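When a residue number appears, it is its place in the shown sequence, counting from 1. All values derive from a computational prediction rather than experimental measurement. Order of appearance sets the numbers: ligands from 1, and atoms from 1 within every ligand.
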Amino acid sequence: MTDLADRRGVETEVYQPAEDSHLLAEAAVEDLRADPPGLALEVGTGSGYVAERVADETGARVVGSDVNPHACEQARDRGVEAVRADLLEPFRTESFDAVLFNAPYLPTEPDEERDDWMEVALSGGEDGRAVVEPFLETVGRVLAPDGAVYLLVSSLTGVEEVVAMAETEGFSAVALRDESFPFETLTVLKLVR
Ligand SMILES: C[S@@+](CC[C@H](N)C(=O)[O-])C[C@H]1O[C@@H](n2cnc3c(N)ncnc32)[C@H](O)[C@@H]1O
């Protein structure tokens with residue numbers, strides 16, 4: 001691909017900040033401002049918008065990660081340290097004071113799945129929890145003992161089911177913010193051990 005084609009890829013294949021991004025950033029900044037984390041990770045950083053806001057508004061060092069290389073490039077253009085990674089796989093044990101994730105959450109039938117980066121950004125598989133579930137199973141490893149997880153979930157994904165999964169992994173959950181839209185309610189969960 002030429003440089004120009006690469007740029008087009010960045011513009012069309014990266015999830016751009018939307019209501020869910022804003023809600024996660026607002027809730028996390030408000031909660032973290034009083035006691036900013038030394039080091040935070042935003043999984044699935046996309047454009048880098050949430051990571052940039054948390055860094056700018058709390059003073060924390062925030063690393064972004066994404067499985068989509070175009071997203072890593074766009075986040076870096078924004079000044080975010082970005083690493084290409086599948087969920088928490090490459091990160092060291094107990095290394096982050098806070099981990100944020102606006103996960104892909106839309107329930108999607110197998111025959112509706114498209115083979116592109118926007119599908120990776122949006123699809124949570126048949127029940128909407130295909131990415132959230134492995135995230136919850138593995139995030140505890142990279143979290144510092146007193147660390148917190150900030151997870152955006154939708155009523156379409158099943159907030160109670162996500163809370164139950166988190167509890168199975170040893171977390172307790174509180175809802176920091178809710179916002180309702182015509183077809184869904186978005187909730188930011190804070191998970192601590
Ligand atoms: C709903 S978008 C959120 C983007 C951005 N954080 C925001 O709030 O605007 C979900 C992001 O998660 C990324 N993602 C999906 N599966 C992932 C995985 N297994 N590991 C890392 N990132 C993943 C997607 O590429 C996408 O950028």
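- Shortest contact from atom 11 (C) of ligand 1 to any protein heavy atom: G44 O, 3.5 Å.
- Geometrically, ligand 1 and Q16 share no nitrogen or oxygen pair separated by less than 3.5 Å.
- Across every non-hydrogen atom of S21 and Q16, the tightest pair is OG-O, 4.4 Å.
- Shortest contact from atom 20 (N) of ligand 1 to any protein heavy atom: L87 N, 2.8 Å.
- Without hydrogens or angle criteria, S123 side chain to E119 main chain gives no donor-acceptor distance under 3.5 Å.
- Residue-ligand proximity: D86 is placed with a non-hydrogen atom under 4.0 Å from ligand 1.
- Side-chain contact between E179 and H22 is absent, with no heavy-atom pair separated by less than 4.5 Å.
- In terms of hydrophobic clustering, with Ile, Leu, Val, Met, Phe, Trp and Tyr side chains grouped at heavy-atom distances under 4.5 Å, F96 and L191 are assigned to a common cluster.
- Remark: R129 does not engage E133 in a salt bridge, criterion side-chain N to carboxylate O under 4.0 Å.
- Under 4.0 Å from ligand 1, the heavy atoms of T45 that appear belong solely to its backbone.
- Heavy-atom proximity to G46, at under 4.0 Å, picks out these atoms of ligand 1: 4 (C), 27 (O).
- Annotation for ligand 1: atoms under 4.0 Å from non-hydrogen atoms of P104 are 15 (C).
- Every heavy atom of S65 sits 4.0 Å or more from the atoms of ligand 1.
- Of all the atoms in ligand 1, the ones that sit under 4.0 Å from a non-hydrogen atom of S21 are 7 (C), 8 (O), 9 (O).
- Salt-bridge annotation for R53 and E26: present, with a side-chain N of the basic residue lying under 4.0 Å from a carboxylate O of the acidic one.
- Which parts of ligand 1 touch V50 is read off a 4.0 Å heavy-atom cut-off, strictly below it: atoms 8 (O).
- Protein heavy atom at the shortest distance from atom 27 (O) of ligand 1 is D66 OD2, 2.6 Å.
- A tilted orientation is assigned to the rings of F101 and F135, their planes being inclined by 30° to 60°.
- Listed by number with element, the atoms of ligand 1 under 4.0 Å from a non-hydrogen atom of A85 are 20 (N), 21 (C).
- In this structure, the side chain of N68 does not engage the main chain of V14 through any donor-acceptor pair within 3.5 Å.
- Side-chain contact annotation: N102 with Y49, donor-acceptor N/O pair under 3.5 Å absent.
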Chi angles and distances behind the side-chain contact (heavy atoms from CB on, under 4.5 Å) call for V192, S172: CA-CA 6 Å; V192 293; S172 58; 3.7 Å; yes

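- Residues L122 and Y105 are members of one and the same hydrophobic cluster, defined by side-chain heavy-atom contacts under 4.5 angstrom among Ile, Leu, Val, Met, Phe, Trp and Tyr.
- Counting the atoms of ligand 1 from 1 in the order shown, those under 4.0 Å from a heavy atom of N68 are 25 (O).
- Counting heavy atoms from C-beta on, the side chains of V153 and V163 never come closer than 4.5 Å.
- For the pair P134 and ligand 1, no heavy-atom separation below 4.0 Å is found.
- By the criterion of a heavy-atom distance under 4.0 Å, both the backbone and the side chain of N102 are placed next to ligand 1.
- Of the N or O atoms in E42, one or more lie within a sub-3.5 Å distance of an N or O in ligand 1.
- Of the heavy atoms in A121, both backbone and side-chain atoms come closer than 4.0 Å to ligand 1.
- Counting heavy atoms under 4.0 Å from ligand 1, residue S47 does not touch it at all.
- Regarding atom 17 (C) of ligand 1, its nearest protein heavy-atom neighbour is V67 CG1, 3.6 Å.
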